[in-house]
Amino acid sequence: MADPKGFLTTGREVATTRPVEERVKDWNEVYVPGSLLPIISKQAGRCMDCGIPFCHNGCPLGNLIPEWNDYAYREDWSAASERLHATNNFPEFTGRLCPAPCEAACVLGINQPAVTIKNVEVSIIDKAWDSGDVTPQPPERLSGKTVAVIGSGPAGLAAAQQLTRAGHTVAVYERADRIGGLLRYGIPEFKMEKVHINRRIEQMRAEGTKFRTEIEIGRDIDAAKLRQRYDAVVIAAGATVSRDLPVPGRELGGIHFAMEYLPLANKVQEGDFVAPPITAEGKHVVVIGGGDTGADCVGTAHRQGAASVTQLEIMPKPGEERSAGQPWPTFPMLYKVTSAHEEGGERVYSVSTTHFEGDEDGNVQFLHLVEVEFVDGKLEQKPGTERKIPAQLVTLAMGFTGTDQANGLVQQFGLELDERGNIARDADFATNVDGVFVAGDAGRGQSLIVWAIAEGRSAARGVDRYLTGASELPAPIRPTDRALTV
């Protein structure tokens, strides 16, 4: 145990963010560099080393949280890094981007603020990179088997790294011009600077993983032919079909999916554009959708100089504390103020968009909305609450409905889908097509980065067993496992 009295003597303290007026002028990460190390050892000491650590259940990766908390408390950073990497290929991703269901399940969180597990995690991995503890781990021998991984998001990268280290020759196919999937182009730079992706890719290259960019399976290469070229295929193409809003005026200019808007801002940071083709500069911006992607749009609009930013959510405003219907250790739906929300803008709950209004040039100028409420379990409009707000740029951030079928990948493989439209798979993450497996959102549906990495690791075990007859690779989850929630 780290500090037997730590949870009694030390209060919760989180990473320090830079002042709003400073950070909205750049695209660097919002946290003060180095602010965690002076406090993180004591924060790790708040871990109770529970007899039954429910944080393990909250985390689909099964991260060995009490163990690396103990090492962090003792400032044995090398040992902490080894324990961290034992279950997670990319803790610098999850430590920055995961909503931390482990903290929601922390036993201390029953009646006190939970351990800052996420902050400890990111401190360990950042220290490991700075100390040179993160090195390539190439296989001792090659199996002679080849694997294609379709998609380079967290699920695809995790599967590829696990299979490469198991001795297989792995090629990752990515339809974008850079590796990383939504990590690269869907996550703004201020949430995770892309240096963290770049150095992981270099580690994977040194281990033997091959990367093929600007190749879309289904369009550029026939999926069936790809299967013939490789001994196994892992589909980790994500759930990239954005949910649309079919209301009058949707066709007006200035209304875009979040995944049309956010990648262009990231491409500016990559040096592809001087200014983004879609910008919030000087415009009244409305973000439809109250989740993390919506918050990313809010923060991006602030940095582009929006005249105003309004975020709309159809559901009621969540409470700030657990309700009786969301008991510990489930992941509660709480009112969350992200760094983007700290930077300004208005958040409006319990409203639904009725239609858009444009100008004579066909560009959106106003959004018409109405308040809604639950009546007998159904959302209904409240008469007399209609109003309109200025909207010169609208981003739709209402989630995703499934994997892309327009490119022909599903049809060319001949894949079966489940009742929710995801690619069906068995207990080994195998599809109905021999040698073809699926990991991540393509099989699970829209989910969290920590689930994607867990899926990639688990699917890798299924592939390894298919290729060799047995596998020592870990499989932290089953395809049927779901988050610890109500």
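The first residue of the sequence shown is numbered 1, and numbering continues consecutively from there.
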Between [X] and [Y] (side chain of the first, backbone of the second, donor and acceptor by atom type, cut-off under 3.5 Å), is there such a pair?
X: Trp328; Y: Cys106; answer: yes
X: Arg18; Y: Val32; answer: no
X: Arg227; Y: Val433; answer: no
X: His56; Y: Asn63; answer: yes
X: Asp220; Y: Glu216; answer: yes
X: Glu67; Y: Leu64; answer: no

- Message: Evaluate Ile179 against Leu157 for side-chain contact (heavy atoms from CB on, under 4.5 Å), listing each step before the verdict.
- Response: CA-CA 9 Å; Ile179 295 297; Leu157 291 179; 4.0 Å; yes
Going by atom types only, do [X] and [Y] share a side-chain donor-acceptor pair under 3.5 Å?
X: Glu75; Y: Ser41; value: yes
X: Ser143; Y: His168; value: yes
X: Thr169; Y: Thr146; value: no
X: Gln446; Y: Asp441; value: no
X: Thr240; Y: Asp404; value: no
X: Gln161; Y: Gln203; value: yes
X: Ser81; Y: His85; value: yes

- Verify side-chain contact (heavy atoms from CB on, under 4.5 Å) between Leu473 and Arg165, making sure each step is shown before the conclusion. CA-CA 10 Å; Leu473 293 177; Arg165 291 176 174 178; over 6 Å; no
[X] bridged to [Y] by N-O distance under 4.0 Å:
X: Lys42; Y: Asp3; result: no
X: Glu121; Y: Lys118; result: no
X: Arg175; Y: Glu214; result: no
X: Asp428; Y: Arg461; result: no
X: Arg303; Y: Glu343; result: yes
X: Arg478; Y: Asp426; result: no
X: Arg444; Y: Glu455; result: yes
X: Arg96; Y: Asp126; result: yes
X: Glu270; Y: Arg184; result: yes

- Task: Kindly determine whether Glu202 and Arg199 satisfy salt bridge (Lys or Arg N to Asp or Glu O under 4.0 Å), including the steps that lead there.
- Result: CA-CA 5 Å; Glu202 290 309 308; Arg199 59 189 181 186; over 6 Å; no
Any side-chain heavy atom of [X] within less than 4.5 Å of one from [Y]?
X: Leu97; Y: Leu183; value: yes
X: Leu448; Y: Pro99; value: yes
X: Phe93; Y: Asn88; value: no

Residues in salt bridge (Lys or Arg N to Asp or Glu O under 4.0 Å) with [X], at least two apart?
X: Glu342; value: Arg23
X: Glu13; value: none
X: Arg46; value: none

- Task: Could you go through the side-chain contact (heavy atoms from CB on, under 4.5 Å) check for Asp26 and Phe190 one step at a time?
- Result: CA-CA 8 Å; Asp26 61 46; Phe190 59 82; over 6 Å; no
- Message: Please report whether the ring centroid of Tyr173 lies less than 6.0 Å from that of Phe211.
- Response: no
- Message: Taking ring pair (Phe, Tyr, Trp, His ring centres under 6.0 Å) as the criterion, tell me which of Tyr230, Tyr466, Phe413 meets it with Phe437.
- Response: Tyr466
- Can you establish whether the number of heavy atoms outside Lys210 located under 6.0 Å from its atom NZ is more than 12? no
[X] to [Y] - nearest heavy-atom pair and separation:
X: Pro139; Y: Thr164; answer: CG-O, 3.4 Å
X: Ser458; Y: Phe429; answer: CB-CE1, 3.4 Å
X: Ser152; Y: Glu174; answer: OG-OE1, 2.7 Å
X: Ala72; Y: Ala80; answer: N-CB, 4.3 Å
X: Cys102; Y: Cys59; answer: CB-CB, 4.4 Å
X: Ala439; Y: Ala459; answer: CB-CB, 3.7 Å

Please report the interatomic distance [atom1]([X]) to [atom2]([Y]), rounded to the nearest 0.5 Å.
X: Met398; Y: Thr395; atom1: CE; atom2: OG1; value: 10.0 Å
X: Ile215; Y: Ile217; atom1: CD1; atom2: CD1; value: 6.5 Å
X: Phe257; Y: Ile288; atom1: CZ; atom2: CD1; value: 11.0 Å
X: Lys127; Y: Ile124; atom1: NZ; atom2: CD1; value: 12.0 Å
X: Glu193; Y: Ile187; atom1: CD; atom2: CD1; value: 14.0 Å
X: Thr293; Y: Leu396; atom1: OG1; atom2: CG; value: 12.0 Å

- Item | CA sep, side-chain torsions, deciding dist, call: Leu415, Leu409, side-chain contact (heavy atoms from CB on, under 4.5 Å) | CA-CA 9 Å; Leu415 298 169; Leu409 182 149; 4.2 Å; yes
Let me check something: any side-chain donor-acceptor pairs from residues 272-279 under 3.5 Å, sequence neighbours excluded? List them with distances.
from: Asp272; atom 1: OD1; to: Arg178; atom 2: NH2; distance (Å): 2.9
from: Asp272; atom 1: OD2; to: Arg178; atom 2: NH1; distance (Å): 2.8
from: Thr279; atom 1: OG1; to: Glu281; atom 2: N; distance (Å): 3.2

- Item | side chain to side chain donor-acceptor pair (under 3.5 Å) between Ser339 and Thr17, worked out | CA-CA 8 Å; Ser339 63; Thr17 55; over 6 Å; no
- Set of side-chain contact (heavy atoms from CB on, under 4.5 Å) partners for Pro474, sequence neighbours left out: Gln162, Arg457
- Note on the structure: Applying side-chain contact (heavy atoms from CB on, under 4.5 Å) to Pro263 and not counting sequence neighbours gives Tyr185
- Item | Candidate pair Glu29 and Lys191, rule salt bridge (Lys or Arg N to Asp or Glu O under 4.0 Å), full reasoning | CA-CA 6 Å; Glu29 290 183 9; Lys191 284 182 67 175; over 6 Å; no
